[in-house]
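Keep in mind the model is a prediction, meaning the values are calculated, not measured. Throughout, protein chains are lettered first and strands after them, A, B, ... in sequence-line order, and every chain is numbered starting at 1.
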Amino acid sequence: MARRLPRRFYARPAVDLAPDLLGKFLVAERRGRRVAGRIVEVEAYVGPEDLASHAARGLTPRTRVMFGPPGHAYVYLIYGRSFLFNVVCARRGFPAAVLVRALEPAEGVRRTTDGPGKLTAALGITLADNARDLVDGPLWIEERAPAAAVAVATTPRINVDYAGDWAAEPLRFVDAGSHWLSRRLPDAPRRRGPRHPPLAAG
DNA sequence: TGCACGATGAAC
DNA sequence: TTCATCGTGCAC
């Protein structure tokens, strides 16, 4: 049983939405082919006062979608090579979003998904998906039952050292039991072998 | 019009 | 640890 998340699910602060996205499934369907993964790592970008957020510089052509209604995709190009996927949340006029940083492969996944740029490549998410409505369209987030328990852990966000005091805020949320995180947790034991199982063939 | 700089990933 | 690579925002 799967239920696409409704608009009201996204209509709340990023710090509230972020941990609730863990365990949900990000799904992309295009040309009849479905690719999906279970969300295991996210980061909250809480508002215009958050110096790590693109919205800290106000409304620009790029950040316009962050100022729009919740439940839409904010996709942008970083370092000239990777697309990053965010979920716009809160309310119209207040820029907030949650960055999805890692997935556990579910269906149709042919590439690794343990990083924000990797998961968009695996799901075929590009700039063409920017501003897309997640409530009604070919890209969405759904809840599946029965849902496995999520052991939520927090850490500072990745690669936001430029953000002053905001860099240390515990706004990265992960499923501590997942082998598909973009980085190991600080106190995770060192293990031999691959961090995650190989992708299934197909 | 020019330029510094990334919410990264892969190689070394 | 280094670096490819290019859109964005801002300085000039």
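- Both A/Arg111 and A/Asn86 lie near DNA chain B, and the one whose nearest nucleotide falls closer to the 5' end is A/Asn86.
- The nearest whole Å value for the distance from the CZ atom in A/Phe83 to the P atom in B/dT8 is 15 Å.
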- prompt: Given the rule in the side chain to side chain contact (heavy atoms under 4.5 Å, CB included) test, do A/Val27 and A/Leu123 qualify, once you have shown the distances and angles that lead to the verdict?
  reply: CA-CA 8 Å; A/Val27 188; A/Leu123 268 61; over 6 Å; no
message: If a pair means Watson-Crick or G-U wobble with both distances below 3.5 Å, what does DNA chain C look like in dot-bracket form, with | marking bases paired to a different strand?
response: ||||.||||||.
- prompt: Can you give one letter per nucleotide of nucleotides 5-12 of chain C, going 5' to 3': B for a protein heavy atom under 4.0 Å from the base, S for sugar-phosphate only, - for none?
  reply: BBSSSS--
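- In this structure, A/Arg157 forms a cation-pi arrangement with A/Tyr45, its terminal cationic atom sitting closer than 6.0 Å to the ring centre and no more than 45° off the ring axis.
- A/Pro156 is linked by a side-chain contact (heavy atoms from CB on, under 4.5 Å) to nothing, counting only residues two or more places apart in sequence or in another chain.
- The separation between A/Leu119 atom CG and B/dA7 atom P is 16 Å, rounded to whole Å.
- Every pair passing ring-ring contact (aromatic ring centres under 6.0 Å, His included) that includes a residue from residues 76-127 of chain A is listed here, sequence neighbours excluded: A/His54-A/Tyr76, A/Tyr74-A/Tyr76.
- Between B/dA7 and A/Asn159, no contact under 4.0 Å exists linking OP1 or OP2 to a side-chain N or O.
- With 3.5 Å as the limit, one finds a donor-acceptor pair spanning the side chains of A/Glu104 and A/Ser178.
- To the nearest 0.5 Å, the span separating CD1 on A/Ile158 from CG on A/Leu171 amounts to 12.0 Å.
- Summarising the geometry, atom CE belonging to A/Met66 is positioned 3.5 Å from atom OG belonging to A/Ser53; distances are rounded to the nearest 0.5 Å.
- Looking at A/Glu29 and A/Arg34, a side-chain N of the basic residue comes within less than 4.0 Å of a carboxylate O on the acidic one, giving a salt bridge.
- One distance of note links CZ of A/Arg183 with CZ of A/Arg101; it measures 6.5 Å at 0.5 Å rounding.
- A pairwise comparison of heavy atoms in A/Gly124 and A/Asp129 identifies O-OD2, 3.8 Å as the closest pair.
- Atom pair A/Glu43:CD and B/dT8:C1' shows a separation of 12 Å (rounding to whole Å applied).
- A donor-acceptor distance shorter than 3.5 angstrom exists from the side chain of A/Arg7 to the backbone of A/Pro70, with no hydrogens or angles considered.
- In terms of position on DNA chain B, the residue among A/Val160 and A/Thr112 whose nearest nucleotide sits closer to the 5' end is A/Val160.
- For DNA chain B, no neighbouring residue in residues 12-26 of chain A is found when judged by any heavy atom under 4.0 Å.
- Only A/Tyr162, listed by number, bring a heavy atom of residues 161-173 of chain A to less than 4.0 angstrom from any atom of DNA chain B.
- Atom CG in A/Asp114 sits about 8 Å away from atom P in B/dG9, given to the nearest Å.
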task: Any chance you could lay out the side chain to side chain contact (heavy atoms under 4.5 Å, CB included) test for A/Met1 and A/Glu142, step after step, and finish with the verdict?
output: CA-CA 10 Å; A/Met1 182 215 113; A/Glu142 67 185 32; over 6 Å; no
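- Heavy atoms from other residues, nucleotides or ligands lying under 6.0 Å from CZ of A/Arg195 number more than 12.
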